[in-house]
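Have a look at this one before I ask anything.
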Amino acid sequence: MLALSPLVVFIVLYLVTSIIAGDFYKVPITVAFLLSSIFAVIVHGGRPLKERIDIFSRGAATGQMMLMIWIFILAGAFANSAKVMGSIDATVNLTLSLLPPQMLLAGLFLAACFISISIGTSVGTIVALTPIAVGVAQQTGSDVAMITAVVVGGSFFGDNLSFISDTTIVATSTQGCRLSDKFRVNSFIVIPAALFILVLYIFLGINVHAPQHIETVEWAKVIPYIIVLVCAIQGMNVMAVITLGLLLTGIIGLATGAFDVFGWFQAMGDGIVSMGELIIVTMMAGGMLELIKQQGGIDFIIDRMTRRIHGKRGAEFSIGALVSLVDVCTANNTVAIITVGGIAKQIGDRYGVDNKKAASILDTFSCFVQGLIPYGAQLLMAGGLAALNPVSIIPYLYYPFAIGLAATLAILLRYPKRYS
């Protein structure tokens, strides 16, 4: 429990204090993480201070953390360059001219679902679509947080189902089943939820009013986003995709006179600086969670969760609860599945849980939790690109809530029957 106390300190400092104050901007998330990180170093007893700081630093600078930070830096430079060059306005005008007003929300959700299942990454989808979603919100007078949440929610459709998603690959490999089998079982669980949310967005979109006058689409300025989406769908590395988009914004911006070379450099610099808070939070969260892991906090959770399992339903709920709790502690759904995958396999084998169902539960519950934690990469990225506090997006994340409910009902109702 002492190992988990830094997480409690963070929750009290950030969430509880903000709720009491009635303002989620009252306590900066960077300050909450700074104080809880200092607390984590202090309570990590039995080691010299220098060694504790070294453990924190290793967690803050793992290969996976640094990859995320590079993506944030490139995404900031690309997003702001595209904005200054006029790419976002051009793409928004194209979107408004192609989709009927009442289909804007549903259309954005479908686009996020399609792109994420094609590229297998929620972060890449959020990088590509969030600036467009923010532009649509501003043009139509809609709530920016709600429109951003549509993209974030749709991005988890592919994160959960795509054959090339790292969560799918890890879930199937730890449970010893084929990707296609897991996809089939997972589809029974989440596709009804996705269809329900799509219908919901159609109804919610009835109140979205498109502007009376839509400006002429500047097609040249739409090219960076089209190329980024096409390359991402083809499976190109997300860093390579964003770099290509950044170069295209520079070339087209210079050719159209949107900025000169120094103007482009300034736009990139401003975009990188705008990601500063996101980068700091990512590193401090990684360091703090590494100390929690080193002190046995995650092992403690796993041990307590597996003590009182009775029957198949209990085993399935334990698998879902395990991966959810570890995801809260690590803020990374792939790492959470890797951490508990072996234990989930043992629980499943002991109580007769179908390995395909176990893999689906692992993946779906991890995506459900990852889609709702304000310090996860996806919400941090979306908040950074939309200039929003990540917490303000959470109430509108209908799809992550829906898949969490669908996975819970699948366990309670033994659905799908063939795999239960």
Side-chain angles (χ1 to χ4, degrees), residues 1-17 29-65 68 167 170-171 174 280-309 317-347 361-362 365-380 390 404:
M1 288 301 296
L2 183 64
L4 292 170
S5 59
L7 200 61
V8 177
V9 170
F10 168 73
I11 291 169
V12 171
L13 277 173
Y14 187 59
L15 293 181
V16 176
T17 308
I29 194 169
T30 47
V31 173
F33 264 114
L34 173 63
L35 296 177
S36 53
S37 296
I38 292 170
F39 179 79
V41 172
I42 292 170
V43 299
H44 192 84
R47 299 170 187 262
L49 179 60
K50 184 180 182 304
E51 189 174 340
R52 283 178 267 169
I53 294 172
D54 286 344
I55 293 170
F56 181 90
S57 300
R58 282 202 307 273
T62 61
Q64 195 164 36
M65 284 292 176
M68 284 168 56
T167 56
V170 172
T174 57
I280 291 166
V281 166
T282 299
M283 295 185 75
M284 286 197 292
M288 184 184 79
L289 295 169
E290 181 66 21
L291 284 170
I292 290 172
K293 183 180 177 183
Q294 286 282 333
Q295 207 169 1
I298 294 174
D299 289 338
F300 173 81
I301 291 171
I302 292 170
D303 176 62
R304 289 303 174 95
M305 289 298 300
T306 54
R307 281 186 177 181
R308 298 179 180 178
I309 299 175
F317 270 123
S318 293
I319 292 169
L322 268 174
V323 77
S324 298
L325 282 170
V326 175
D327 193 81
V328 168
C329 292
T330 59
N332 187 306
N333 47 348
T334 305
V335 172
I337 295 172
I338 291 171
T339 303
V340 305
I343 297 164
K345 174 67 173 168
Q346 293 176 37
I347 294 171
I361 290 170
L362 279 173
F365 273 99
S366 71
C367 286
F368 155 60
V369 173
Q370 186 69 22
L372 297 175
I373 51 176
Y375 51 92
Q378 291 81 359
L379 278 181
L380 286 172

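Because only heavy atoms are used, hydrogens play no part in the values below, and waters and symmetry mates are left out as well, while side chains stay in.
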Task: Atom pair CZ/CG of Phe365 and Asn333 - distance to nearest 0.5 Å - done: 14.0 Å
Open item on the list: Nearest 0.5 angstrom please: Arg52 CZ to Ile42 CD1, how far?
Closed with: 8.5 Å
Open item on the list: Run the ring pair (Phe, Tyr, Trp, His ring centres under 6.0 Å) test against Phe33 and tell me which residues pass, sequence neighbours left out.
Closed with: Phe10, Tyr375
- [ ] With sequence neighbours left out, write down each residue that passes side chain to side chain donor-acceptor pair (under 3.5 Å) with Gln370, or none if nothing qualifies.
- [x] Gln378
Open item on the list: Which heavy atom of Gly341 sits nearest to which heavy atom of Leu362, and what is that distance?
Closed with: CA-CD1, 4.4 Å
Task: Pairs meeting criterion side chain to side chain donor-acceptor pair (under 3.5 Å) with involvement of residues 318-329, two or more places apart - done: none
Task: side chain to side chain donor-acceptor pair (under 3.5 Å) contacts in which one or both residues fall within residues 36-48, not counting sequence neighbours - done: His44-Arg47, His44-Gln295, Arg47-Glu51
- [ ] Mind checking side-chain contact (heavy atoms from CB on, under 4.5 Å) for Ile343 and listing every partner two or more places apart, or none if nothing turns up?
- [x] Ile302, Thr306, Leu322, Ile347
Open item on the list: Thr62: which residues meet the side-chain contact (heavy atoms from CB on, under 4.5 Å) condition with it, sequence neighbours left out?
Closed with: Gln64, Met65
Task: Given Val369, Leu4, Leu289, Val323, the one that forms side chain to side chain contact (heavy atoms under 4.5 Å, CB included) with Val328 - done: Val369
Task: Non-hydrogen atoms of Leu380 and Pro390 that approach each other most closely - done: CD2-CG, 4.0 Å
Open item on the list: Run the side-chain contact (heavy atoms from CB on, under 4.5 Å) test against Pro6 and tell me which residues pass, sequence neighbours left out.
Closed with: Phe39, Ala40, Val43, Met288, Ile292
- [ ] Could you tell me the separation between the CG atom of Asn332 and the OG atom of Ser366, rounded to the nearest 0.5 Å?
- [x] 9.5 Å
TODO: State, yes or no, whether a side-chain contact exists between Gln294 and Leu291 at a heavy-atom distance under 4.5 Å.
DONE: no
- [ ] Kindly indicate, with the supporting measurements, whether the criterion side-chain contact (heavy atoms from CB on, under 4.5 Å) is fulfilled by Leu13 and Val9.
- [x] CA-CA 6 Å; Leu13 277 173; Val9 170; 3.7 Å; yes
Task: Where at least one partner belongs to residues 1-17, residue pairs that pass salt bridge (Lys or Arg N to Asp or Glu O under 4.0 Å), sequence neighbours excluded - done: none
- [ ] Please tell me if the side chains of Leu49 and Val41 come closer than 4.5 Å, counting only heavy atoms from C-beta onward.
- [x] yes
Open item on the list: Among residues at least two apart in sequence or on other chains, which ones pass salt bridge (charged side-chain N to carboxylate O under 4.0 Å, His left out) with Lys345?
Closed with: Asp349
- [ ] Give a yes or no on whether a salt bridge exists between Lys50 and Asp54, defined as a side-chain N under 4.0 angstrom from a carboxylate O.
- [x] yes
TODO: Provide the full list of salt bridge (Lys or Arg N to Asp or Glu O under 4.0 Å) pairs with a residue in residues 283-294, sequence neighbours left out, each pair given once.
DONE: none
TODO: State which residues pass side chain to side chain donor-acceptor pair (under 3.5 Å) with Thr334; sequence neighbours excluded, sorted by chain then number.
DONE: Asp166
Open item on the list: Going by the rule side-chain contact (heavy atoms from CB on, under 4.5 Å), which residues pair with Thr17 if we only count those two or more places apart in sequence or in a different chain?
Closed with: Val27
